[in-house]
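Written below as structure tokens is the structure these notes are about.
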Amino acid sequence: MRNRFDEQLEQLNTQLIQMGALCESAIANAAKALLDGDVELAQKAIEADQEIDHQERDIESLCLKLLLQQQPVASDLRQVSSALKMITDMERIGDQASDISEIVKMAHITATDSALHIGEMARATIKMVTESIDAFVRRNVKIAQDVIVYDDVVDGLFNKVKNEVIQYIAQNPQDGEYAVDLLMIAKYFERIGDHATNIAEWVEFSITGVHKGEALQ
């Protein structure tokens, strides 16, 4: 019985890593689409969101099977319950990468020098998602804690982008719609950072049994 349970846990870990890689790819494509004005990359990010949704359903099904059939205890239970929380945040990361890409496609928007920090913000959120998944793979509390702290960097960059957009509107009132689109994109990146923080907190909980923050609603 235990051997079967360990096999299913290993399968769960593998599927979580695959889902995390899809999230990383979706954000990277969305960010590059924004910075380069590449509509084809934007479409790839949108398509990745559909696969992320599919992965969420598969992992959720496996977690429920583990809970109902194997009745895990202690650390095993923490690992399975954390996985259920993590996939919700991963799915929302996929949604937000898709939302960014939809704006890029519909508005044919490219982040220009008028919003220098939005590119930096995109790279910072990719770093957070990558490292939150890395923390899970390595079972490394320190990496997870570093991700949680780094969210302050993303929040600071969001404030810089917001100020840049305000200045841009003041200087280019005819481009109000473009400026609003940029601000929406920045907000999506900020939310991705929040979800990466949640993932890191659930990784920490799965290892230590301590959860320091409430999951993003």
Tell me whether [X] contacts the main-chain N or O of [Y] through its side chain, where contact means a donor paired with an acceptor under 3.5 Å.
X    : Y    : value
R78  : F205 : yes
D134 : T130 : no
D175 : Y178 : no
N163 : N159 : yes
S101 : A97  : yes

### Message
Assess the residue pair D181 and E177 against the criterion (side chain to side chain contact (heavy atoms under 4.5 Å, CB included)); give the C-alpha distance rounded to whole Å, side-chain angles, the decisive distance to 0.1 Å, and a yes or no.
### Response
CA-CA 6 Å; D181 284 337; E177 187 173 348; 4.3 Å; yes
Nearest non-hydrogen partners of [X] and [Y], listed with the distance:
X    : Y    : value
S82  : S206 : OG-CB, 3.4 Å
M19  : E91  : CE-N, 3.8 Å
K105 : A42  : CG-CB, 3.7 Å
Q8   : L62  : O-CD2, 3.9 Å
V129 : S132 : O-OG, 2.8 Å
A83  : L16  : CB-CD1, 3.7 Å

Validation row: [X], [Y] side chains within 4.5 angstrom (heavy atoms):
X    : Y    : value
M128 : V153 : no
L67  : L84  : yes
C63  : L12  : yes
V165 : H117 : no
Y188 : D95  : no
D194 : N198 : no

### Query
Any chance CZ of R139 has more than 12 other-residue heavy atoms, nucleotides or ligands included, within less than 6.0 Å?
yes
#### Entry: Heavy-atom neighbours of Q174 CD exceed 12 at 6.0 Å
yes
So, taking the atom named [atom1] in [X] and the one named [atom2] in [Y], what distance separates them when rounded to the nearest 0.5 Å?
X    : Y    : atom1 : atom2 : answer
M86  : F136 : CE    : CZ    : 5.0 Å
I118 : L183 : CD1   : CG    : 8.5 Å
T125 : H195 : OG1   : NE2   : 12.0 Å
Q167 : I169 : CD    : CD1   : 11.0 Å
S25  : E51  : OG    : CD    : 11.0 Å
C23  : I93  : SG    : CD1   : 5.0 Å

Are [Y] and [X] co-members of a hydrophobic cluster defined by side-chain heavy atoms under 4.5 Å apart?
X    : Y    : answer
V137 : I143 : no
I166 : I185 : no
L22  : I199 : yes
I148 : I192 : no
L182 : L41  : no

### Message
I'd like to know if E131 and K127 make a salt bridge, using a cut-off of under 4.0 Å between side-chain N and carboxylate O.
### Response
yes
### Task
Flag the pair E190 and K187 as a salt bridge only when some basic side-chain nitrogen lies within less than 4.0 angstrom of an acidic carboxylate oxygen.
yes
### Message
According to salt bridge (Lys or Arg N to Asp or Glu O under 4.0 Å), does anything in residues 146-156 pair up with another residue at least two apart or in another chain? List the pairs.
### Response
K142-D146
### Side-chain H-bond candidate by donor/acceptor type, Q11 with E7, under 3.5 Å
no
### Query
Would you say the side chains of Q43 and N29 form a donor-acceptor pair under 3.5 Å?
no
#### Entry: Set of side-chain contact (heavy atoms from CB on, under 4.5 Å) partners for T208, sequence neighbours left out
V141, E204, V210
Distance-only check: which donor-acceptor pairs under 3.5 Å involve side-chain atoms of residues 52-60, not counting sequence neighbours?
{"unit_1": "H54", "atom_1": "NE2", "unit_2": "D58", "atom_2": "OD2", "d": "3.3"}

### Message
side chain to side chain contact (heavy atoms under 4.5 Å, CB included) for F189 and I100? Distances and angles first, verdict last.
### Response
CA-CA 8 Å; F189 279 125; I100 291 166; 3.7 Å; yes
